There are 2 protein chains.
Amino acid sequence: MSADALSSVFRALADPTRRDMVAMLADGDATVTELARPHDLTVQAISKHLKVLEDAGVVSRSRDAQTRPAHLEAEVFDLLTVWLERHRQRLEERYRRLDEVLATLPEDPLPTETSPAAHHPDPDDGARP
Amino acid sequence: MSADALSSVFRALADPTRRDMVAMLADGDATVTELARPHDLTVQAISKHLKVLEDAGVVSRSRDAQTRPAHLEAEVFDLLTVWLERHRQRLEERYRRLDEVLATLPEDPLPTETSPAAHHPDPDDGARP
DNA sequence: GTCGTGTTCAACCATGTGGTTGACAACGTT
DNA sequence: AACGTTGTCAACCACATGGTTGAACACGAC
């Protein structure tokens, strides 16, 4: 209950069994027993896994007689995509700046003002996948 | 070394401190002490977090005198994106099939192939490389 | 060499996680 | 009402995780 939404989602998806359940649910809603069938686990364990996914907002449950089908929520994919794209962009921006620095580097050793300069460019690698 | 790559990556990113470190590293390589500065944690704790990220392949380390700068590996973003997009597509495929079934379901024994009539709200944009 | 800085290793502790078994609630069927 | 199905709750256990402190290692500077 403590962690933020993103942490909950990442943690929920960090388990292979739960990712498997998500894969199943991507093909269609399923009940606990259906989700448990292909896995060599007790129904209680699957129920717990499902609760983790539910608490993280990855799935929602409905009520249908004695079964409670689980439904995959598509929003989480958007949440993760946003996070991913943001950092991907920061990475690209970083390389862009690095290229700029390298372009203006040849001369111009201008010490200039008393800049605090908490961050410094790292002249390490230059390779980029 | 137990879990598969995807599990390791998800687990590594499930911690807000580690995600914070990743955010920092997206702006530029950094040493352990630099990464530790903004967080109210001991350097050892940050070193452990960094090891988790390293074992998951999220970052790599280099050697520069007595420091060992951490470098964010961009490939992991691709790994996560692939997983995300695969399941997003399965979800879309599922809804497409559902619409097909609903289209052929009416009691008309004469299915005119017109009016696909999207029944489901479409989540967001489509494919993006 | 000695010193200081940066980093990691080792031991330890509290809490969380994933699994089990067993009991129980809710619901449809007979 | 009794029964079988479905799902959850509770207690328990082994182990992983995130944090600490303290010692040790690696390296440049003095």
Side-chain angles (χ1 to χ4, degrees), chain A residues 1-22 24-25 28-56 58-71 118-120 122-124, chain B residues 1-22 24-25 28-56 58-71:
Chain A
M1 43 272 280
S2 50
D4 54 310
L6 212 38
S7 295
S8 309
V9 172
F10 273 123
R11 244 204 35 231
L13 296 177
D15 187 284
T17 302
R18 286 195 290 262
R19 278 203 312 280
D20 229 47
M21 295 166 66
V22 166
M24 261 191 250
L25 292 173
D29 295 1
T31 68
V32 173
T33 43
E34 288 170 349
L35 289 169
R37 192 141 36 227
H39 301 95
D40 194 16
L41 288 177
T42 64
V43 183
Q44 291 94 317
I46 297 294
S47 183
K48 273 175 148 191
H49 278 305
L50 202 47
K51 182 159 175 42
V52 173
L53 290 171
E54 190 181 3
D55 288 349
V58 178
V59 308
S60 60
R61 311 289 302 271
S62 57
R63 177 113 241 173
D64 175 31
Q66 51 271 76
T67 76
R68 300 193 51 205
H71 174 80
H119 290 88
H120 49 61
D122 195 314
D124 193 11
Chain B
M1 31 263 290
S2 47
D4 54 311
L6 211 38
S7 295
S8 308
V9 172
F10 273 124
R11 242 205 39 229
L13 296 178
D15 187 285
T17 301
R18 286 196 289 263
R19 279 202 313 280
D20 229 48
M21 296 167 66
V22 166
M24 263 191 248
L25 292 172
D29 295 2
T31 67
V32 173
T33 43
E34 288 170 349
L35 289 169
R37 193 141 37 226
H39 301 96
D40 193 17
L41 288 177
T42 65
V43 182
Q44 291 96 317
I46 297 293
S47 183
K48 273 175 150 191
H49 278 305
L50 202 46
K51 182 160 176 41
V52 173
L53 289 170
E54 188 180 5
D55 288 349
V58 178
V59 308
S60 60
R61 312 288 303 271
S62 58
R63 175 114 241 172
D64 176 30
Q66 50 273 76
T67 77
R68 300 192 52 205
H71 173 81

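Letters A, B, ... are given to chains in the order of the sequence lines, protein chains preceding strands, and every chain is numbered from 1. Computation of the quantities below employed the complete heavy-atom set of this structure, encompassing side-chain atoms and omitting hydrogens, waters and symmetry-equivalent molecules. This structure is a prediction, so every number in the text was calculated from the model and none was measured.
Separating the CG atom of A/Asp20 from the C1' atom of C/dG18 is a distance of 16 Å, rounded to the nearest angstrom. What separates NE2 of B/His39 from P of D/dG18 is a distance of 14 Å, to the nearest Å. Atoms CG (A/Leu35) and C1' (D/dT5) sit 16 Å apart, rounded to a whole Å. In this entry the distance linking CG of A/Leu41 with P of D/dG7 reads 16 Å, nearest Å. Rounded to whole angstrom, the span from the CZ atom of A/Arg18 across to the C1' atom of C/dG16 amounts to 12 Å. Rounded to an integer number of Å, the gap from A/Leu13 CG to C/dT17 C1' is 16 Å. Separating the CZ atom of B/Phe10 from the P atom of D/dA16 is a distance of 22 Å, rounded to the nearest angstrom. Taking atom CD1 on A/Ile46 and atom C1' on D/dC9, their separation rounds to 17 Å, with Å as the unit.
In this structure a side-chain-to-backbone donor-acceptor pair under 3.5 Å is present from A/Arg18 to A/Ala12. Judged by distance alone, the side chain of B/Thr67 and the main-chain N or O of B/Arg63 form no donor-acceptor pair under 3.5 Å.
A heavy-atom distance below 4.5 Å is found between the side chains of B/Leu35 and B/Leu25. Residues B/Val32 and B/Arg61 are in side-chain contact: their nearest non-hydrogen atoms beyond the backbone lie under 4.5 Å apart. Using a 4.5 Å cut-off on side-chain heavy atoms (C-beta onward), A/Ser7 and B/Arg19 make contact.
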Treating primed atoms plus P, OP1 and OP2 as sugar-phosphate and everything else as base, which nucleotides of nucleotides 4-15 of chain C get B, S or - for protein heavy atoms under 4.0 Å?
--SSBB------
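Closest approach of A/Met21 and A/His39 over heavy atoms only: CG-CE1, 4.3 Å.
Side-chain N/O atoms of B/Arg11 include none lying less than 4.0 angstrom from OP1 or OP2 on C/dT17.
Both A/Ala65 and A/Ala45 lie close to DNA chain C; mapped to their nearest nucleotides by heavy-atom distance, the more 5′-ward contact belongs to A/Ala45.
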